[in-house]
Amino acid sequence: MVNTIGDLYGPDIDKILQKSSELNILILGAYRPENMYERLKTIRDCLKEKGFINTYLVADFSDDIIRFHDDEDIHWTLKSNFLMKNFDLNLFIFFANCDNSGPTDEFNYFCYEIGEFFRCIVSYEEEHAGNISSRISAKIKDFKLRNIAVKEGDDMDTCELLFGFINLVLMKERNRIYKEHHF
């Protein structure tokens with residue numbers, strides 16, 4: 001199990017602890033059907049309102065600035081891979097009743113091929129739990145990734161849980177560092 005933010009965020013912990021409001025967070029999830037994209041935007045906006053101002057979706061970055069490939073599918077794959085590598089934390093959100101092949105591929109790429117499990121948090125709707133592939137379930141269990149189960153469609157609860165979890169981990173690490181330096 002992840003016990004400290006150092007386990008979660010890795011070696012650049014001092015930078016993150018000093019400016020936790022500047023933590024760069026990327027949310028990855030299904031964009032189709034259309035309401036799934038709207039739900040991701042709701043979670044993003046909620047986390048921004050709660051102080052994590054650098055919270056983004058892959059779609060927030062204009063394709064006019066960098067075009068990774070002419071083929072649309074290859075472009076989006078390369079774009080999300082590039083962005084995941086450049087964020088402090090990647091939140092993988094698996095909604096029920098939609099095609100989660102995109103976030104599944106992104107999760108597999110970043111956490112398995114890149115191997116940076118400490119920069120991943122998984123959120124999934126309880127109704128979807130049985131539909132998460134055994135490969136992802138095994139990775140979550142094997143590497144003891146933090147994961148949050150929420151009720152379907154309750155995006156504000158998802159935001160509250162993610163916000164609370166991120167802050168709990170930050171607080172635990174601050175306390176650990178304080179004890180190391182003062183006792």
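Numbering starts at 1 and runs along the sequence shown.
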Validation: residues 89-96 side-chain donor-acceptor distances under 3.5 Å, sequence neighbours left out:
from  : atom 1 : to    : atom 2 : distance (Å)
Asn90 : ND2    : Met84 : O      : 3.3

Show the numbers, then the answer: is there a side chain to side chain contact (heavy atoms under 4.5 Å, CB included) between Val58 and Leu28? CA-CA 7 Å; Val58 173; Leu28 300 118; 3.9 Å; yes
Separation of Ile25 CD1 from Asp88 CG (nearest 0.5 Å): 8.0 Å
Rounded to the nearest 0.5 Å, the CG atom of Asn54 sits from the CZ atom of Phe87 at a distance of 8.0 Å
For His69, the ring-ring contact (aromatic ring centres under 6.0 Å, His included) test, sequence neighbours excluded, returns none
Rounded to the nearest 0.5 Å, the CG atom of Asp71 sits from the CG atom of Leu78 at a distance of 9.5 Å
Parallel, tilted or perpendicular, judged at 30° and 60°: which one describes the rings of Tyr31 and Tyr37? tilted
Electrostatic pair Arg44-Glu49, nearest N-O below 4.0 angstrom: no
Check whether NZ of the Lys or CZ of the Arg Lys48 lies under 6.0 Å from the centre of the six-membered ring of Tyr56 and within 45 degrees of that ring's axis. yes
Reported CD1-to-CG distance for the pair Ile121 and Leu162, which is rounded to 0.5 angstrom: 6.5 Å
Any donor-acceptor pair under 3.5 Å linking the side chain of Asp105 with the backbone of Gly102? no
Quick one: list whatever passes side chain to side chain donor-acceptor pair (under 3.5 Å) with Glu38, sequence neighbours left out. Lys41
Answer yes or no on whether Lys50 is positioned over the face of Phe163, meaning its NZ or CZ is under 6.0 Å from the six-membered ring centre and within 45° of the axis. yes
